Amino acid sequence: MTYPMPSPALLARLSERLGPSGFATEPADLAPWLTDWRRRLTGSAAALVSPANAEEAAFVVAQAAAEGVAIVPQGGNSSMVAGATPAGIGEGRALLVSMRRMRAIRSVSPADNAVTAEAGVVLADLHAAVEAQGRRFPLSLASKGNATVGGLISTNAGGTQVLRFGPMRSLVLGLEAVLPDGSMLRGLAPLRKDNRGYDLKQLLIGGEGTLGLVTAATLKLVPAIGEKAVAWVGFRDPEQALALLRRLEDRLGEAIESFELVPAEGLALVLRHIPNTRAPLGQAWPWNVLIEAVAPAGDAPLGARLEAALADALDAGLIGDATLAASEAQADAFWKLRESMSEAEARDGMAAKHDISVTVADMPAFMARASAAVVERFPGARPIAFGHLGDGNVHFNVRAPAGGDDRAWFKATAADVSRFVHGLVTEAGGSLSAEHGIGRFKRADFLHLIDPARLAAMMAVKRALDPAGIMNPGALLPLAEAASGP
Ligand code: MLT
Ligand code: ZN
């Protein structure tokens, strides 16, 4: 299936309706947005189209649909899996639709505990806007300075507070989106209950832009942080870390929001490559966990309760050592260690990156088994697992052997490593994408390993809503079938 070039008449109509700030064809204007975040894939597009409001977005999609022209939606271009890169569609055939001009916070309703934000609002700006109203949007991740509301929704993003509040899917109350035929799905009311049949917004959440273009969303808010306690804990093994998590929940209930794993090797990489970092504990432990507990204003002192619970765990021999951040600055320093993991790893060399989940209880054994299997199958390769242990989701990355040509290793071996790791996680009943999505980088493994009945149902939905396959071709689903159908 080849997608048509947008006709000159189509481009002229878009240019006229969107004006110079919303329509560009100059290579220099397009170039920054054609390469993915990890700088591994570059695509091409006929034009960069940036609607300023939902009506313009609907106009763009309707115009593209009339000619069967492919659309690749883009938010902050921080996808880890090239979900927003217009590649594989045919040279200069796609319209790259950037949502960055749609960055209005339409309303904040403390009474409804809800905010309505347009798709191009950057996550850090959303945090600031609702904080100013005494509320909090409880989803955060390392790329909060780039990631946008539309992208977070389209990838069902996770981050570091999923343990308490769930991923994006559980935080969206309402959605406004353009469907592939140009019609608008309008449902921004912050209804807590709505049983009118299929929950269509849930199809678009995590749909990776293949079923429509999200233009705005109404998101759940929670009370502002009253008190926060952050601890860094050293362990001998991750089984003990999970035992600690359940114990802390018994003592502090829902206050535990983050439970993030950092292995000794990961901490060493951060200390080596990231300036102004220091180890929180006097001794190096094989595993570390960063814990954050949060309570609304007026609750009993949280730091003291977390400290007492950790002291008991230390007495019981469950943990090796622990330290509580004594100030906001120290808490930020602990978080910097965790959030710099990916950057430190990238500075150190190439790695095959994975974003996997199994059940929380199975994760410690899975990490041990999978690490041994990888090393046996790819001698010298260096697995390193870090991340959201409390959610049963780690980034199980495999670094190139030490001292060699890591680029050559990556080119020759990374795809095999990934297929192997994804096979192991699928066999274990887990998922090969816990929070980053499938995009273009994981599509081949996803299609190879997915249950055929599940894929058939997904394809049926795709064909029903986007029969011409114009929405984000090549992300998530197979390119040709998505476009033409069997
Ligand atoms: C993280 O949890 O740090 C990211 O999701 C992982 C990554 O950037 O690879
Ligand atoms: Zn992550």
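Ligands are counted one by one from 1 in listed order, and the atoms in each one are counted from 1 as well. Atom set for the values below is all heavy atoms of this structure, side chains included, hydrogens, waters and symmetry mates excluded. Owing to the predicted nature of the structure, the values given are computational and were not obtained by experimental measurement.
- Among the backbone and side-chain atoms of E435, an N, O or S atom lies under 2.8 Å from the Zn ion (ligand 2).
- Within ligand 1, the atoms closer than 4.0 Å to a non-hydrogen atom of K353 are 9 (O), numbered from 1 in the order shown.
- Judged by the shortest distance from any of its heavy atoms, H388 lies inside the 4.0 Å radius around the atoms of ligand 1.
- The shortest heavy-atom distance from E435 to ligand 1 is under 4.0 Å.
- Summary of contacts: the protein heavy atom closest to atom 7 (C) of ligand 1 is S342 OG, 2.8 Å.
- Here the side chain of T218 pairs a donor or acceptor atom with the backbone of L188 at under 3.5 angstrom.
- Annotation: atom 5 (O) of ligand 1 to nearest protein heavy atom, H436 NE2, 2.8 Å.
- For ligand 1, the atoms lying closer than 4.0 Å to a non-hydrogen atom of M80 are 7 (C), 8 (O), 9 (O).
- A donor-acceptor contact closer than 3.5 angstrom links the side chains of N288 and W232.
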Discussion item. Let's go through F420 and V374 carefully: what are the C-alpha distance in whole Å and the side-chain angles of both, what is the deciding distance for side-chain contact (heavy atoms from CB on, under 4.5 Å) to 0.1 Å, and is it a yes or a no?
Written reply: CA-CA 8 Å; F420 185 70; V374 164; 4.0 Å; yes

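- The one candidate from V421, L424, I384 that meets the side-chain contact (heavy atoms from CB on, under 4.5 Å) condition with F396 is V421.
- Distance from atom 4 (C) of ligand 1 to its nearest protein heavy atom, with residue and atom name: H395 NE2, 3.6 Å.
- Within the 4.0 Å heavy-atom criterion, neither part of M341 lies near ligand 1.
- The Zn ion (ligand 2) has an N, O or S atom of H395 inside 2.8 Å of it.
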Item to complete: Test R101 against E118 for salt bridge (Lys or Arg N to Asp or Glu O under 4.0 Å), laying out the working first.
Response: CA-CA 9 Å; R101 284 178 75 213; E118 291 188 343; over 6 Å; no

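- For H388 and E435, the side-chain atoms include at least one donor-acceptor pair closer than 3.5 Å.
- Residues A24 and L30 come closest through the heavy atom pair O-CD1, 3.4 Å.
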Item to complete: Evaluate the criterion side-chain contact (heavy atoms from CB on, under 4.5 Å) for residue pair Q330 and F334; output intermediate values, then yes/no.
Response: CA-CA 6 Å; Q330 207 179 7; F334 289 2; 4.0 Å; yes

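- Contact analysis puts R338 in contact with ligand 1, with a non-hydrogen atom separation below 4.0 angstrom.
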